[in-house]
Participant: 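Mind looking over this structure? Questions follow.
Because only heavy atoms are used, hydrogens play no part in the values below, and waters and symmetry mates are left out as well, while side chains stay in.
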Amino acid sequence: MPVNIFIADDQKLVRQGIRCLLEEKCDVQVVGEATNGFECLNEVSKLNPNIVILDINMSGMDGINTLKIMKEQGFSAKTLMLAENESSDDILSAVDLGCDGYIVKNCDVSILKKAIYTIYDGDRYIQPELQEQLEKSIELRTDITEKLNELTRRELDVLKLLAEGLFNKEIAVKLHISERTVKNHVSNIFKKIQVTDRTQAAVFAIKNNLFMT
């Protein structure tokens with residue numbers, strides 16, 4: 001019994017190329033196609049394929065947001081993310097959302113075939129060349145989380161205001177504390193997040209979406 005595949009990609013040539021490769025090299029049946037996430041969600045809900053191949057950078061609604069909605073709405077189809085490049089941020093985002101597989105478009109057809117059958121059998125497949133990037137991204141996120149957890153509530157407040165470009169005196173007024181206390185907090189922040197100046201601290205805060213609420 002062939003594996004039922006749905007392809008969502010905003011490039012017609014890519015969709016047709018994948019269809020031809022799959023139908024020639026694999027025991028699969030392509031049951032439908034979509035050019036964006038909205039079409040994909042609508043069609044997949046009706047066709048109920050075994051696997052959805054999702055272009056991560058589709059125009060309109062991209063693959064990441066489509067994957068998120070599929071998971072939230074309990075779609076049963078497995079998901080194979082198809083990326084233009086080897087972005088570690090995209091890989092981590094897709095894995096966090098529960099994708100079943102992740103490959104890049106310039107991979108060999110043997111990789112595509114292996115990915116499909118691996119996830120169809122219930123296992124996750126990450127293209128081998130991307131696995132190291134994923135592991136490094138997870139390690140980096142763990143390191144950042146540990147640094148953030150070391151900061152006190154007040155130090156987080158100071159860091160957020162520092163990232164907004166406020167000087168120590170302005171931070172002191174904003175938080176109703178002395179300027180000397182702010183200086184102590186800034187010194188402790190530098191040590192805990194392992195930076196040496198205010199610019200590096202601000203970049204750390206911005207990259208990790210720390211803002212005053």
Participant: Counting N and O atoms only, with roles assigned by atom type, does the side chain of E155 sit under 3.5 Å from a partner on the main chain of T152, one being a donor and the other an acceptor?
Facilitator: yes
Participant: Do L156 and V158 land in one hydrophobic cluster if side-chain heavy atoms of ILVMFWY residues count as linked below 4.5 Å?
Facilitator: yes
Participant: I'd like to know if E150 and K192 make a salt bridge, using a cut-off of under 4.0 Å between side-chain N and carboxylate O.
Facilitator: no
Participant: Which is it for L210 and L148 under the side-chain contact (heavy atoms from CB on, under 4.5 Å) test, yes or no, and what are the steps along the way?
Facilitator: CA-CA 10 Å; L210 299 180; L148 290 173; 3.8 Å; yes
Participant: Indicate whether the side chain of N48 and that of S76 have a donor and an acceptor atom separated by less than 3.5 Å.
Facilitator: yes
Participant: Taking M70 as the starting point, is it possible to reach L47 by hopping between hydrophobic residues whose side chains are less than 4.5 Å apart?
Facilitator: yes
Participant: Linking I/L/V/M/F/W/Y whenever any side-chain heavy atoms sit under 4.5 Å apart, do L112 and L54 land together?
Facilitator: no
Participant: V30 and I119: same hydrophobic cluster, using ILVMFWY side-chain contacts below 4.5 Å?
Facilitator: yes
Participant: Does a side-chain N-to-carboxylate-O contact under 4.0 Å join K46 and E43?
Facilitator: yes
Participant: Is a salt bridge present between E164 and K160, judged by a nitrogen-to-oxygen distance below 4.0 Å?
Facilitator: no
Participant: Any chance you could lay out the side-chain contact (heavy atoms from CB on, under 4.5 Å) test for I18 and L22, step after step, and finish with the verdict?
Facilitator: CA-CA 6 Å; I18 294 174; L22 291 178; 3.6 Å; yes
Participant: Quick one, V182 with L175, criterion side-chain contact (heavy atoms from CB on, under 4.5 Å). Give me CA distance, side-chain angles, the key distance, then yes/no.
Facilitator: CA-CA 9 Å; V182 173; L175 298 179; 5.7 Å; no
Participant: Any side-chain to backbone donor/acceptor pair from N42 onto F38? Under 3.5 Å, distance only.
Facilitator: no
Participant: Between Q200 and T196, do the side chains contain an N or O donor and an N or O acceptor separated by less than 3.5 Å?
Facilitator: yes
Participant: Is the shortest distance from a Lys or Arg side-chain nitrogen in E33 or K12 to a carboxylate oxygen in the other one below 4.0 Å?
Facilitator: no
Participant: Side chains of K147 and D143: does their closest heavy-atom pair fall under 4.5 Å?
Facilitator: yes
Participant: Near K71 NZ, under 6.0 Å, is it more than 12 heavy atoms from other residues, nucleotides or ligands?
Facilitator: yes
Participant: Could you tell me whether the side chains of R141 and N208 share a donor-acceptor contact shorter than 3.5 Å?
Facilitator: no
Participant: Kindly compute the distance separating CE (M81) from CG (D90), expressed to the nearest 0.5 Å.
Facilitator: 8.5 Å
Participant: Would you say R198's side chain and L162's backbone share a donor-acceptor pair under 3.5 angstrom?
Facilitator: no
Participant: Checking the side chain of D108 only, and the main-chain atoms of I111 only, is there a donor and an acceptor separated by less than 3.5 Å?
Facilitator: no
Participant: Just checking, any donor-acceptor pair under 3.5 angstrom between side chains of S178 and T181?
Facilitator: yes
Participant: For the CD atom on E132, are there more than 12 heavy atoms of other groups (residues, nucleotides or ligands in this structure) within a distance under 6.0 Å?
Facilitator: no
Participant: Please write out which residues are connected to V109 in a hydrophobic cluster, directly or through intermediates, given that two of Ile, Leu, Val, Met, Phe, Trp, Tyr count as joined at side-chain heavy-atom separations below 4.5 angstrom.
Facilitator: L21
Participant: What are the two closest heavy atoms between I5 and P49, and how far apart are they?
Facilitator: C-CB, 4.3 Å
Participant: Decide, yes or no, whether a salt bridge links K174 with E170 under the criterion of side-chain N to carboxylate O below 4.0 Å.
Facilitator: no
Participant: Is there a donor-acceptor contact under 3.5 Å from the side chain of S45 to the main chain of L41?
Facilitator: yes
Participant: Judged by atom type as modelled, is there a donor-acceptor pair below 3.5 Å linking the side chain of K169 to the main-chain atoms of E179?
Facilitator: no
Participant: Ignoring hydrogens and angles, tell me if any N or O in the side chain of D62 forms a donor-acceptor pair with the backbone of M58 under 3.5 Å.
Facilitator: no
Participant: How would you list, by chain and number, every residue that makes a side-chain contact (heavy atoms from CB on, under 4.5 Å) with K105, sequence neighbours excluded?
Facilitator: D9, Q11, V14, D55, L82, E84
Participant: Measuring from I91:CD1 to L134:CG, what's the distance to the nearest 0.5 Å?
Facilitator: 6.5 Å
Participant: Begin with the C-alpha distance, continue with both residues' side-chain angles, and end with the deciding distance and a verdict on side-chain contact (heavy atoms from CB on, under 4.5 Å) for I51 and F6.
Facilitator: CA-CA 6 Å; I51 296 172; F6 188 93; over 6 Å; no
Participant: Shortest non-hydrogen contact from R15 to D10?
Facilitator: NH1-C, 4.0 Å
Participant: D100 versus Y125: any side-chain heavy-atom pair under 4.5 Å?
Facilitator: no
Participant: For C40, which of T66, I69, L67 qualifies under side-chain contact (heavy atoms from CB on, under 4.5 Å)?
Facilitator: T66
Participant: Does I53 share a hydrophobic cluster with I126, counting links as ILVMFWY side-chain heavy atoms below 4.5 Å and allowing steps through other members?
Facilitator: no
